[in-house]
Amino acid sequence: MHLSFDELNSDAAIWYAVQTRPKHEKSVSSLLEFKGYEQLLPLYQSWHRSSGRMKSVLLPLFKGYLFCRFDPNRRLPILITPGVSSIVGRGREPEPLPSEEIARIQASCTSGLQTTPWPYLERGDLVRVECGPLQGVEGIFINEKSTCRLVVSVEILRRSVAIEVDRDWVRPIASRRGAAFSGPEAKRAVRSSVPAMA
């Protein structure tokens, strides 16, 4: 049975993480789009040496995953898509993604700023971007060497991405530092370099 676009993207449709077979993210993304689903495959630019020359390639920010919006009661067309391994969840039940996490990833992808995969962080200085293309986005602000980055996470995947930002763009909104955020990460966390609240 073929569902209409309105049925595929009804109010019951929620964002979920879809796990793919290795190196099948782009083909699954294309197939889901062809089926009429709203999907998101965040990519980043990477440079690789090939035949002695540097070549630019677009790679998935979340290796082995993409995001798709659908009604969980009508998930069979997703599961039978070639290249799909599973829908991320607890047991047999898909676990929906918080809308704010998807909004952060979408904002990161459309910002035009350099974005890269990043080790997942659970604790740190929580900040909000107050200007620039990521205005309103919240994340963990870190300083590595001379580069400032905003780290945003997808909790269910335990994966993060880092976006280069100007440190003058952000303001602290909370500190949730604890035992799990220590060692090298703690040294890189921005404290004094984050501008004070106006």
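The model shown is predicted, which means the values in this text are computed figures rather than measured ones. For the single chain, residues carry numbers from 1 onward in sequence order.
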message = Under the side chain to side chain donor-acceptor pair (under 3.5 Å) definition, can you give me all pairs with a residue in residues 87-97, not counting sequence neighbours?
response =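 Found Arg90-Glu95.
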ask   = Which residue pairs satisfy the side chain to side chain donor-acceptor pair (under 3.5 Å) criterion with at least one member in residues 13-26, sequence neighbours excluded?
value =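 Those involving residues 13-26 are Gln19-Ser86.
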query = With sequence neighbours left out, which residue pairs that include part of residues 47-67 fulfil the ring-ring contact (aromatic ring centres under 6.0 Å, His included) condition?
reply =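 Checked against ring-ring contact (aromatic ring centres under 6.0 Å, His included) - neighbours excluded - the pairs reaching residues 47-67 are Phe62-Phe67.
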inquiry  = Testing the basics here: between Leu32 and Cys68, what is the closest heavy-atom pair and its distance to 0.1 Å?
reply    =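 Residues Leu32 and Cys68, closest heavy atoms: CD1-SG, 4.1 Å.
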key: Over all atoms of both residues, closest heavy-atom pair of Trp169 and Cys131   =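 The answer is CD1-SG, 3.3 Å.
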ask   = CD/Gln39 to CD1/Ile78 distance, rounded to the nearest 0.5 angstrom?
value =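 Here the interatomic distance stands at 9.5 Å.
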inquiry  = With rounding to the nearest 0.5 angstrom, report the OG1 to CG distance, Thr116 to Leu59.
reply    =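 Thr116 OG1 to Leu59 CG: 11.5 Å, rounded to 0.5 Å.
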task = Go through the steps to decide whether Leu150 and Ile140 satisfy the test side chain to side chain contact (heavy atoms under 4.5 Å, CB included), and finish with yes or no.
result = CA-CA 6 Å; Leu150 180 76; Ile140 298 170; over 6 Å; no
Given side chains that start at C-beta, do those of [X] and [Y] come closer than 4.5 Å, heavy atoms only?
X: Asp166; Y: Cys148; answer: no
X: Leu66; Y: Val28; answer: yes
X: Thr115; Y: Leu61; answer: yes
X: Leu41; Y: Pro60; answer: yes
X: Phe141; Y: Arg167; answer: yes
X: Arg149; Y: Trp118; answer: yes
X: Tyr44; Y: Cys109; answer: no

Which residues satisfy the side-chain hydrogen bond (donor to acceptor under 3.5 Å, both in side chains) test with [X], sequence neighbours excluded?
X: Thr81; result: Lys35
X: Gln106; result: none
X: Arg159; result: none
X: Ser56; result: Gln45

For [X], enumerate each residue passing the side-chain contact (heavy atoms from CB on, under 4.5 Å) test, keeping only those at least two apart in sequence or located in another chain.
X: Gln135; result: none
X: Ser111; result: Leu113, Pro133, Leu134, Ile163
X: Glu101; result: Leu97, Pro98, Arg104, Val154, Glu155

ask   = Between Arg75 and Pro72, is there a donor-acceptor pair closer than 3.5 Å when you use the side chain of the first and the backbone of the second?
value =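 Judged by distance alone, yes, a pair lies under 3.5 Å.
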request  = Using the side chain to side chain contact (heavy atoms under 4.5 Å, CB included) rule, take Arg128 and Arg171 through it: C-alpha gap first, then chi angles, then the decisive distance, then the call.
outcome  = CA-CA 6 Å; Arg128 179 181 292 114; Arg171 295 291 182 270; 5.8 Å; no
inquiry  = Quick check: is Val18 connected to Leu31 through a chain of hydrophobic side chains (ILVMFWY, heavy atoms under 4.5 Å apart)?
reply    =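 Looking at the clustering, Val18 is in a separate group from Leu31.
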Under 4.5 Å side-chain linkage, directly or through intermediates, the cluster mates of Ile80 =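 The other cluster members (ILVMFWY side chains, heavy atoms under 4.5 Å, direct or chained) are Leu76.
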task = Kindly determine whether Leu40 and Ile105 satisfy side chain to side chain contact (heavy atoms under 4.5 Å, CB included), including the steps that lead there.
result = CA-CA 9 Å; Leu40 174 63; Ile105 297 301; 4.0 Å; yes
key: Val152 vs Ser108, side chain to side chain contact (heavy atoms under 4.5 Å, CB included): CA-CA, chis, key distance, verdict   = CA-CA 9 Å; Val152 295; Ser108 302; 3.9 Å; yes
